[in-house]
There are 2 protein chains.
Amino acid sequence: MNMLETDTRTRLIKTAARLFREKGFHGTGIAEILLKSETPKGSLYHHFPAGKADLAKAAASWASEGMLEIIDAAFEGASDFQDGATTLCYKLAKFFDTAQEWQSCPVSSALFDGPGNEEFRDFADQIYTDWTESIIRQASRLGLETDDAGKAAETLLLAIQGGWTMARAKRSSDVLRRIPSLLYG
Amino acid sequence: MNMLETDTRTRLIKTAARLFREKGFHGTGIAEILLKSETPKGSLYHHFPAGKADLAKAAASWASEGMLEIIDAAFEGASDFQDGATTLCYKLAKFFDTAQEWQSCPVSSALFDGPGNEEFRDFADQIYTDWTESIIRQASRLGLETDDAGKAAETLLLAIQGGWTMARAKRSSDVLRRIPSLLYG
DNA sequence: ACATCTCTAGACCAATCGGTCTAGACCGTT
DNA sequence: AACGGTCTAGACCGATTGGTCTAGAGATGT
């Protein structure tokens, strides 16, 4: 197996993920992905035979992995759930700020804006479920009862999703940083 | 002034708003808007000289008016803020269910997915600010202190935004109905 | 009746869309 | 050296995109 295969493949995924986040699925053209990632068209359709849709799912999966890592990192050294949740919000705010373009949720941009079929919705649903379960696991680990853990995780995730949208409109991550005080203050 | 002018214009706005909600700005073609609204192309560019972008702003504005009405209606007969907030969530869940296609937030679909310029972001920001202020007004009316009203309104709006996204992924309005119990339970 | 206005109607256009296809570069294996 | 597989490279394609333009229908004012 050629090492370059992986390189080209991940380069495509990362570039596509970034562009989808910034301009949405339909708002991003194949040509632009190829240009920004300096990849010829043939390579794209070699690695992703189904084309743009394939690429969108790969990009969303990749972004989801990153989110799961951020969640774990945030809760790792936390003394309690609210502590971890606060760190998570701050980490996400920081991530939001690193991008020059005000970006949307990587999952919704790649999957909702994309082809409106059931498969894509299922895919998005699965990713959000993964996130929820990951947070629930952390909540349980930090001492919350099963019911409370589920509620706390869902509330946090709702606020983060909403906060991300608001942050995009306001072009400021302040909303994300305010979440802990809104929920637990 | 011709009566038909208004008819064609609003027909375009409503159709565009629906399609943008379902498939996003870039995902919706002019041709489809014209087909579904049974409007010739010339009429569109007569009423909206700047074309699709103009139409998106008009559609978002129109949808925002609707949202403001729903907010007022929900809080009108409310005994306290939480009561009104609960009614609002249920009303929105009901609205979510009426559409056959699982739709996204009318504002974000028309304005975020759209052209990535500052003007559109400002427009979206203004609409969200309008919503927030409307809820704050209701909170104050129902006895909350200024600081508490602002916090309560922002929290509610974040949860609704996030809940709407989740509802779309899960193709179920249950999340929206769970919000009151998550926030106030 | 005529002129003027608003609005409808759709042919038409260049540009871009996502996707296919062929050619060959570069590899390890034999 | 010759082969077979992986991957790059980009010319090329029909379809669709948003938008322009001309023609005329229809109402109104004089």
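Lettering follows sequence order; numbering is per chain, from 1. FYI, side chains are in, hydrogens and waters are out, and symmetry mates aren't considered; it's all heavy atoms of this structure. For clarity, every value in this text was computed on a predicted model and none was experimentally measured.
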Does B:D122 form a side-chain hydrogen bond (donor to acceptor under 3.5 Å, both in side chains) with B:Q126? I'd like the steps, not just the answer.
CA-CA 6 Å; B:D122 284 341; B:Q126 184 58 56; over 6 Å; no
Decide yes or no on side-chain contact (heavy atoms from CB on, under 4.5 Å) for A:R171 and B:E118, but give the supporting numbers first.
CA-CA 10 Å; A:R171 282 145 295 177; B:E118 287 286 308; 2.8 Å; yes
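To the nearest angstrom, P of C:dT6 lies 18 Å from CG of B:L44. Here the C1' atom of nucleotide C:dT8 and the CZ atom of B:R9 are 16 Å apart, to the nearest Å. In this structure, A:F48 atom CZ and D:dC7 atom C1' are separated by 14 Å, rounded to whole Å. Rounded to an integer number of Å, the gap from B:L34 CG to D:dG18 P is 9 Å. Here C:dT6 presents its C1' atom at 9 Å from NE2 of B:H47, a figure rounded to the nearest Å. Atom NE2 in A:H46 sits about 7 Å away from atom P in D:dT8, given to the nearest Å.
Classification of the B:F25-B:F20 ring pair by plane angle, with boundaries at 30° and 60°, yields tilted.
Proximity of a side-chain donor or acceptor of B:D148 to a complementary backbone N or O of B:L144 within less than 3.5 Å is not detected. Looking only at distances, no side-chain donor or acceptor of A:R168 sits under 3.5 Å from a matching main-chain atom of B:S108.
Checking the phosphate oxygens (OP1, OP2) of C:dT8, a side-chain nitrogen or oxygen of B:T8 falls inside 4.0 Å.
Using a 4.0 Å cut-off between charged side-chain N and carboxylate O, A:R137 and A:D72 make no salt bridge.
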Could you encode protein contacts along nucleotides 9-19 of chain C as a string, one character per nucleotide from 5' to 3', using B for base contact, S for sugar-phosphate-only contact and - for no contact, with a heavy-atom cut-off of under 4.0 Å?
BBB-----SBB
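Sorted by first and then second residue, the ring-ring contact (aromatic ring centres under 6.0 Å, His included) pairs involving residues 163-185 of chain A (not counting sequence neighbours) are A:F96-A:W164.
Near DNA chain D, defined here as any heavy-atom distance below 4.0 Å, there are no residues from residues 12-22 of chain A.
Contact detail for A:F48 and A:I13: the closest heavy-atom pair is CZ-CG1, 3.7 Å.
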